[in-house]
Structures are given as structure tokens and as C-alpha cells.
Amino acid sequence: MTTAEHAAVDDVTGRRWRTDNPLTIGVAGLWLTVIVLLPLAAIVAGSFDDGWSGFWDAITSEGAREALGITVLISLVVAVINVVFGTLIAWVLVRDDFWGKGFVNAIIDLPFALPTIVASLVLLSLYGPNSPIGIHLAATQPGVLVALTFVTLPFVVRQVQPVLMELDRDVEEAAAVLGANNSTIFRRIVLPALIPAILTGAGLAFTRAIGEFGSVVLIGGNIPGKTQVASQYIQQQIEVDEPVAAGAVSVVLLLIAFVVLLVLRIAGRRQARREEASA
């Protein structure tokens, strides 16, 4: 059996089947085309209805520049926060034992399951004008930051956690025996192994944050030039019947997300090649 045959063998019956079935490939390609490629193509085409000049005017208008700038800046801060606290949470969940660990591990995925508009309502109830704890973040950039941090929490945690679980503890113990302190062990042994997972989680958190809408719609306030993020600006342009402007800003967000994901893919492949070369 060769790799070129793309074949597999059933462990029970010993029968062989080919995994490069044209039917399954065609169905998968059709599904991706209908669900992903056609909508993206429609957005890109619609953003150029007024030509290149119309597209350029749409993305360089004051409102678009402010919304994109606020979105990218806050999303970068969110990614950095996730790198620090996501790695810390993953470390605690893997290396420490405490009462309620299973519950904490379960609620990490809550932002994925919870409707984002509900998250915005919860945050508004906690940090809004009638805050029970006296912290008022409604209609402020810190409020938007908290909302985006909430919905992106699981990305770094779930990327780093399995890597930590697979790390060889014997190497760390050997370093400790040789006199290395905890900070040196983490910096020289643990962190290099975690960096690819941390970067992947940060990239995913960033791309999620730049397109987030539901979690900021209530607590953010949608104030142009202050708390209005790109997704809210897009909604505003649709409401005032400016589909070209909405489409143009959407294309910019798509390009940013695509570049980030492409860089992550390239970095991941290079890391895999290094691991194969050192094995």
C-alpha cells in the first residue's frame, strides 16, 4: 500500500477502500462553494459596484477609518490579554489540582455556546449604568475590550492545553535536578514548545475579535469614533442604504483575517518541518 494510492485498510475485515472518491470530493467542494466561496465572492463583487474609486472612497472615509482603527487596536489588545491569561489558565488546568477543576474546565467553552447577544446583556447588567459592583463600562472602549475578551477566551486556552498535556515532564525534572529554577525551566524548556500553540490561539482570537458584533452591540454603545467597531459600522451602512460601503469594509476585514490565518498556516508548517528535522 502506497501513499499515492490514498488507501486505508479496515482493521476488522481487511478490506481496502480508496479515500480519494470523486463523489465525496465533489460533494465537499460543492458544499464549500455554496457556503463559503459564493457568499465571499458576492461581497467582494458588491464592494466594487462603484468601481475601484468607490471602493477606495468607502474604506478611506472618516467613519470607516475610525471604525477599522478602533477594531484592530482593541482586537490586538484582546489577543495580548488572551496570550497572557489564556496560557496561565491552561497551565493551571493542566498542572494544578484543585476543587472544582472540572467545572472550571467546562465553563471555558461557555463563550462558544452562549449567544453573543446574551453575553452583551450579561456584561451590560454587570458593568452598565446600574452596575451592582459600581464599575461602569457601558459605551466605553474598556467595555468593548471586556466583551471581546470574553468571547475569545477559549482560543488560547484550548490551543495551549493539549500541548501542555503532551509535554515530557522528565525533561523539566532533569533541569530541576541540575539546578534550574522554575522560571528558567519555563523560559528555556516549556515556553518554546508552547509558542506555536500560543500564536495560533492569539491569531484565532484576533480574527474572531475583528468581526465580532453580538457581544458589543449593547455594552459598546456604538458611538462613532469612540466605541463603534467595524461590524457595527457595516450594520449602520446597510441601514442607511450604503451597501457598497458596507461591502468594502467587510472586504477589508476579510483580508485582515485571511492574512493572519495565512501567516499562522505558514508558521505552523515551518514548525512541523523543524520538528521533523530534529526528530
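- Residues in residues 157-179 take part in these side chain to side chain donor-acceptor pair (under 3.5 Å) pairs, two or more places apart or across chains: Arg95-Glu172, Asn105-Arg158, Asn105-Gln161, Asp109-Arg158, Arg158-Gln161.
- The hydrophobic clustering, which links ILVMFWY residues whose side-chain heavy atoms are closer than 4.5 Å, places Val94 and Phe186 together.
- There is no path of hydrophobic side-chain contacts, each under 4.5 Å, that joins Ile223 to Val216.
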Would you give me the side-chain donor-acceptor pairs under 3.5 Å for residues 27-37, sequence neighbours excluded?
| from | atom 1 | to | atom 2 | distance (Å) |
| --- | --- | --- | --- | --- |
| Thr33 | OG1 | Gly29 | O | 2.7 |

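- Of all the heavy atoms in Val156 and Ile198, the pair that sits closest is CG2-O, 4.4 Å.
- Pairing each heavy atom of Ala138 with each of Leu124, the nearest pair is CB-CD1, 4.0 Å.
- Val83 and Leu264 fall into different hydrophobic clusters, defined by Ile, Leu, Val, Met, Phe, Trp and Tyr side-chain heavy atoms under 4.5 Å apart, directly or through other members.
- Shown here is Phe85, whose CZ atom has no more than 12 heavy atoms of other residues, nucleotides or ligands within 6.0 Å.
- Listed by first and then second residue, the side chain to side chain donor-acceptor pair (under 3.5 Å) pairs that reach into residues 185-204 come to none, sequence neighbours excluded.
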Could you walk me through whether Leu253 and Leu68 satisfy the side-chain contact (heavy atoms from CB on, under 4.5 Å) test, starting with their C-alpha distance in whole Å, then the side-chain angles of each, then the deciding distance to 0.1 Å, before giving a yes or no? CA-CA 8 Å; Leu253 293 180; Leu68 288 169; 3.9 Å; yes

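- Taking hydrophobic clusters as Ile, Leu, Val, Met, Phe, Trp and Tyr residues chained together by side-chain heavy-atom distances below 4.5 Å, Leu153 does not share a cluster with Ile107.
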CA sep, side-chain torsions, deciding dist, call: Ile210, Val260, side-chain contact (heavy atoms from CB on, under 4.5 Å): CA-CA 11 Å; Ile210 63 172; Val260 171; over 6 Å; no

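- Hydrophobic clustering, defined by side-chain heavy atoms of Ile, Leu, Val, Met, Phe, Trp and Tyr closer than 4.5 Å, leaves Val177 isolated from every other such residue.
- Of all heavy-atom pairs between Gly201 and Phe155, the closest is O-CB, 3.6 Å.
- Residues satisfying the salt bridge (Lys or Arg N to Asp or Glu O under 4.0 Å) criterion with Lys101, sequence neighbours excluded, are Asp97.
- Under the side-chain contact (heavy atoms from CB on, under 4.5 Å) rule, Thr71 has a single partner from Leu148, Val144, Val229, which is Val229.
- Annotation for Ile43 and Gly247: closest pair CG2-O, 4.0 Å, computed over non-hydrogen atoms.
- Grouping the Ile, Leu, Val, Met, Phe, Trp and Tyr side chains by contacts below 4.5 angstrom, directly or via other members, places Ile81 apart from Leu73.
- Through side-chain heavy atoms spaced under 4.5 Å, either directly or across other Ile, Leu, Val, Met, Phe, Trp or Tyr residues, Ile133 is tied to Leu123, Leu126, Tyr127, Ile135, Leu137, Val146, Ile219.
- Annotation: the span from Ile70 atom CD1 to Gln141 atom CD amounts to 5.5 Å, rounded to 0.5 Å.
- Sorted by first and then second residue, the salt bridge (Lys or Arg N to Asp or Glu O under 4.0 Å) pairs with a member in residues 229-242 form an empty list; sequence neighbours excluded.
- Nearest heavy-atom pair, Pro132 versus Ser125, reported as atom, atom and distance to 0.1 Å: CD-O, 3.3 Å.
- For residues 211-222, the pairs satisfying side chain to side chain donor-acceptor pair (under 3.5 Å) are Arg208-Glu212, Glu212-Ser215, Asn222-Gln228, with sequence neighbours left out.
- Annotation: side chain of Leu164 is in contact with side chain of Trp91 (closest heavy-atom distance under 4.5 Å).
- Residue Ile266 is found in a hydrophobic cluster whose other members, listed by chain and number, are Phe258, Leu262; membership requires side-chain heavy atoms under 4.5 Å apart, directly or through intermediates.
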Name each donor-acceptor pair under 3.5 Å that joins a side chain in residues 47-61 to protein atoms two or more places apart or in another chain, with its distance.
| from | atom 1 | to | atom 2 | distance (Å) |
| --- | --- | --- | --- | --- |
| Ser47 | OG | Val44 | O | 2.6 |
| Thr60 | OG1 | Trp56 | O | 2.6 |
| Ser61 | OG | Ala58 | O | 3.2 |
| Ser61 | OG | Ala64 | N | 3.4 |
| Ser61 | OG | Tyr233 | OH | 3.4 |

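- A donor-acceptor contact shorter than 3.5 Å links the side chain of Thr227 to the backbone of Gly220.
- Other residues, nucleotides and ligands contribute more than 12 heavy atoms inside 6.0 Å of the CZ atom of Phe98.
- Contact record, Ala175 with Ile189: CB-CD1, 3.5 Å, taken as the closest heavy-atom pair.
- Hydrophobic clustering, defined by side-chain heavy atoms of Ile, Leu, Val, Met, Phe, Trp and Tyr closer than 4.5 Å, groups Val263 together with Val259.
- Residue Thr116 holds its OG1 atom at 10.0 Å from CZ of Phe150, rounded to the nearest 0.5 Å.
- Expressed to the nearest 0.5 Å, how far OG1 of Thr207 lies from CG of Leu261 amounts to 5.0 Å.
- The side chain to side chain donor-acceptor pair (under 3.5 Å) contacts involving residues 174-183 comprise Asn181-Ser183, Asn181-Thr184, where partners must be two or more places apart or lie in separate chains.
- No donor-acceptor distance shorter than 3.5 angstrom exists from the side chain of Gln232 to the backbone of Phe213, with no hydrogens or angles considered.
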